[in-house]
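Throughout, protein chains are lettered first and strands after them, A, B, ... in sequence-line order, and every chain is numbered starting at 1. None of the values given here were measured: they were computed from a predicted structure.
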Amino acid sequence: MSSLRLYDTATREIRDFTPIKPGEVSMYVCGATVQAAPHVGHIRSGVNFDILRRWLMASGFNVTFIRNVTDIDDKILHKAVHEEIPWWAVAMKYERAFADAYQALNVLPPTYEPRATGHITQMIELMETLIKNGSAYAPGNGDVYLEVRKLKSYLTLSNQKLDDLLPAGDADETYKRDPRDFALWKAAKPGDPSWPTPWGPGRPGWHLECSAMAHAYLGADFDIHGGGLDLIFPHHENEIAQSQAAGYGFAKLWMHNAWVTTSGEKMSKSLGNSLQVMEVIKRVRGIELRWYLGSAHYRSMLEFSFEALDESATAFRRIENFLKRAEEVAGDIHTVIADEFAAVMNDDLSVPQGLALISEWLRNGNTALTSGDKSEIAKNASHIRGALIILGCDPFDPAFGEGSGADLTSAVDALIALLLEQREAARARKDFAAADSIRDRITAMGISIEDTPQGPRWSIN
RNA sequence: GGUGGAGUGGCCGAGAGGCGAGGCUCGGGACUGCAAAUCCCGCUACACGGGUUCAAAUCCCGUCUCCACCUCCA
């Protein structure tokens with residue numbers, strides 16, 4: 001069997017993945033800055049890395065998955081003023097909104113989900129290390145900066161030259177030794193929340209938290225660091241700078257997911273609420289949104305449209321419908337990871353090629369359903385289900401359960417069966433007017449009737 | 001200005017030197033009492049101009065268009 005290869009942003013090539021510790025994978029993904037409800041672009045990142053995680057687990061690795069929550073930053077403070085609630089209430093409100101969205105799309109909870117404000121101690125320790133070894137300085141105004149000119153290497157991830165950069169501009173320039181130096185820590189402004197430090201009260205700069213938390217939970221060296229494309233610079237560059245200046249090896253492999261675009265452009269909040277996750281799942285189910293977001297390769301832009309979303313949902317329902325019929329005819333569907341599927345997933349998570357395989361199994365499975373070939377039905381269904389589990393779209397996953405409605409299924413089944421018996425009787429005596437009348441009335445209840453080689457079956461629309 | 005990415009059939013979306021991914025839509029057919037579902041067939045594309053090659057969507061040169069990052073960003 002093939003082994004996993006992944007694209008590394010740092011080297012810009014697909015490389016063999018070899019974990020630091022055999023059988024173990026440590027990964028850190030930059031999560032949300034909780035200052036607004038998540039839109040479909042945010043959740044795509046969650047879905048993409050969830051697919052990676054599921055694939056690693058299915059490949060036999062024990063995965064430690066850390067995804068942080070940035071619960072303090074400028075936007076959160078601004079929002080607090082705007083919404084007239086405390087900054088921590090803003091953070092909690094949107095952290096919950098993200099959690100709800102992750103859950104709705106069946107994104108597995110991380111092994112641990114550290115918050116920035118819970119790791120001030122680790123950040124101070126890191127800054128002390130950096131100041132002590134001469135990599136960082138505290139000019140006396142309460143800020144702490146990393147001195148980028150002192151770094152052995154910088155900007156290796158984004159492949160830029162220091163002299164081509166525009167000044168960082170995230171703090172008062174007058175205290176910086178170089179305009180490109182960036183803030184590890186920001187002095188408190190009047191009215192802002194702050195934490196005490198040896199350099200005065202203040203709050204974390206954006207980048208420091210990830211270095212501190214990755215170190216706290218994964219150690220000096222870990223396997224994979226992920227996030228959105230837009231984090232490459234400055235966020236990930238600065239994480240590397242801080243961590244390596246402190247003597248950590250840091251991430252061995254960098255992965256970045258592409259955006260969801262609209263009209264070819266990166267999604268932005270100016271589009272309003274219509275593309276918020278919770279709005280979109282009023283139109284399609286969570287599992288269908290997940291299928292759509294996961295269907296493009298993670299490094300390709302996904303051009304969002306409601307038309308494409310609807311089509312994608314329809315395509316998913318075909319697969320789901322086959323699995324349900326297969327279960328009815330052939331019994332419980334085992335999950336099998338087909339070798340072909342493993343091969344495409346091992347090739348930098350080539351999900352779109354996996355979908356082509358699913359299409360093939362679907363066609364074969366439907367053909368088998370028509371001919372009644374149970375072993376062929378079971379085989380194709382189990383391959384499909386094995387793939388869907390990796391994609392996080394298994395229709396039988398209780399995470400997507402039909403809730404209390406499931407309890408009614410057997411009762412409805414008995415009622416519909418009664419009606420179908422009458423319809424079958426009418427058909428048998430060629431009284432098609434009566435038969436169609438029964439079907440029409442069932443349809444009017446929102447239930448579809450299909451005649452299959454195994455007899456009629458019903459499903460709720 | 002610097003860095004990175006993209007342009008594929010009506011639409012979505014893979015591929016990255018050689019037998020036309022796949023899906024959706026549309027047209028035709030099979031099955032069916034009729035539907036629905038399903039299956040089969042059809043619609044032969046790679047921004048533009050050169051070049052390399054027996055062979056290019058894929059490599060090289062040039063051009064155009066679009067996007068992103070360099071300021072918060074999944």
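Identified under the salt bridge (charged side-chain N to carboxylate O under 4.0 Å, His left out) test for residues 361-370 of chain A, with sequence neighbours left out: none.
Using N1 to N3 plus N6-O4 or O6-N4 for Watson-Crick, or N1-O2 and O6-N3 for G-U wobble, each under 3.5 Å, B:G18 pairs with B:C54. B:C31 is unpaired under the Watson-Crick or G-U wobble criterion, no partner having all donor-acceptor distances under 3.5 Å. With both pairing distances under 3.5 Å, B:C64 is matched to B:G7 as a Watson-Crick or G-U wobble pair. Nucleotide B:A74 forms no Watson-Crick or G-U wobble pair with any nucleotide shown, as no partner meets the under 3.5 Å limit on both distances. Nucleotide B:C69 forms a pair with B:G2, judged by Watson-Crick or G-U wobble geometry with both contacts under 3.5 Å.
Taking the C1' atoms as reference points, B:U8 lies 10 Å from B:G15, given to the whole Å. Using atom C1' as the reference point in both B:U25 and B:G9, the two lie 12 Å apart (nearest Å). Comparing the C1' positions of B:U58 and B:G51 gives a spacing of 15 Å, expressed to the nearest Å. On the C1' atoms, B:C72 is 38 Å away from B:G22, given to the nearest whole Å. To the nearest whole angstrom, the two C1' atoms, one in B:C11 and one in B:A45, are 13 Å apart. When the P atom is used for both B:A47 and B:G13, the distance is 16 Å, rounded to whole Å. Comparing the C1' positions of B:U52 and B:A14 gives an interatomic distance of 27 Å, to the nearest angstrom. B:G50 sits 28 Å from B:U3 when the C1' atoms are compared, rounded to a whole Å.
Rounded to an integer number of Å, the gap from A:Asp74 CG to B:U71 P is 14 Å. A straight line from OH of A:Tyr94 to C1' of B:A74 spans 18 Å, rounded to a whole angstrom. The separation between A:Leu357 atom CG and B:A14 atom C1' is 12 Å, rounded to whole Å. For the pair A:Leu231 CG and B:C70 P, the interatomic distance rounds to 10 Å; values are reported in whole Å. The separation between A:Leu309 atom CG and B:C24 atom P is 16 Å, rounded to whole Å. Distance, A:Glu239 CD to B:A74 P: 13 Å, rounded to whole Å. Atom pair A:Arg317:CZ and B:C24:C1' shows a separation of 13 Å (rounding to whole Å applied). In this structure, the CG atom of A:Asn48 is 14 Å from the P atom of B:A74, given to the nearest Å.
Side chain of A:Asp348 to main chain of A:Tyr7: a donor-acceptor pair is present (N/O by atom type, distance under 3.5 Å, no hydrogens or angles).
Remark: A:Arg283 CZ is packed, more than 12 non-hydrogen atoms of other residues, nucleotides or ligands lying under 6.0 Å away. Other residues, nucleotides and ligands contribute more than 12 heavy atoms inside 6.0 Å of the CZ atom of A:Arg457. When the shell of 6.0 Å around CD of A:Glu328 is examined, it contains more than 12 heavy atoms from other residues, nucleotides or ligands. Heavy-atom contacts from other residues, nucleotides or ligands closer than 6.0 Å to CD of A:Glu13 number more than 12.
In terms of heavy-atom proximity, A:Phe250 sits nearest to A:Ala214 at CE1-CB, 4.1 Å. A:Glu237 approaches A:Leu157 most closely through the heavy-atom pair OE2-N, 3.0 Å.
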**Report entry** Base versus backbone protein contacts along nucleotides 2-12 of chain B [heavy-atom cut-off under 4.0 Å; B, S, -]
**Finding:** BSS--------
Query raised in the report: Once each nucleotide of nucleotides 35-42 of chain B is scored for protein heavy atoms under 4.0 Å, what B/S/- sequence comes out, 5' to 3'?
Result: BBSSSS--
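Ring geometry for A:Phe304 versus A:Tyr292: interplanar angle over 60°, hence perpendicular rather than tilted (30 to 60°).
Using a 4.0 Å heavy-atom cutoff across all strands shown, A:Gly46 reaches no nucleic acid atom at all. Within the nucleic acid shown, A:His297 comes within 4.0 Å of sugar-phosphate atoms alone, with no base atom in reach, counting heavy atoms only. Counting non-hydrogen atoms under 4.0 angstrom, A:Val29 reaches nothing in the nucleic acid. Contacts of A:Gly227 with the nucleic acid, taken as non-hydrogen atoms under 4.0 Å apart, involve only primed sugar atoms and P, OP1 or OP2.
For the pair A:Trp88/A:Pro86, a side-chain contact is recorded, criterion being any heavy-atom separation below 4.5 Å from C-beta on.
The nucleotide whose nearest atom lies closest to any side-chain atom of A:Asn257 is, among B:A74, B:A14, B:A68, B:A74. Of the candidate nucleotides B:G13, B:A74, B:C69, B:C69 has the atom lying nearest to any side-chain atom of A:Phe233. The side chain of A:Ser300 has B:A14 as its nearest neighbour among B:A14, B:C72, B:G33.
Partners of A:Glu288 according to the salt bridge (Lys or Arg N to Asp or Glu O under 4.0 Å) rule, which considers only residues two or more places apart in sequence or in another chain, are A:Arg285, A:Arg317.
In terms of polar N and O atoms assigned as donor or acceptor, the side chain of A:Lys75 comes within less than 3.5 Å of the base of B:C72 in a complementary pairing.
In this structure, a donor-acceptor pair under 3.5 Å is absent between the side chains of A:Glu239 and A:Ser211.
Rounded to the nearest 0.5 angstrom, A:Ile43 CD1 and A:Leu105 CG are separated by 5.0 Å.
Contacts of residues 347-356 of chain A with RNA chain B (heavy atom under 4.0 Å): A:Pro352, A:Gln353, A:Ala356.
Of the two residues near RNA chain B, A:Ala296 and A:Ala435, the one whose nearest nucleotide lies more 5' is A:Ala296.
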List the atom pairs, with distances to 0.1 Å, where a side-chain N or O of residues 428-438 of chain A and a protein N or O form a donor-acceptor pair under 3.5 Å, not counting sequence neighbours.
| unit_1 | atom_1 | unit_2 | atom_2 | d |
| --- | --- | --- | --- | --- |
| A:Asp431 | OD1 | A:Ala434 | N | 3.2 |

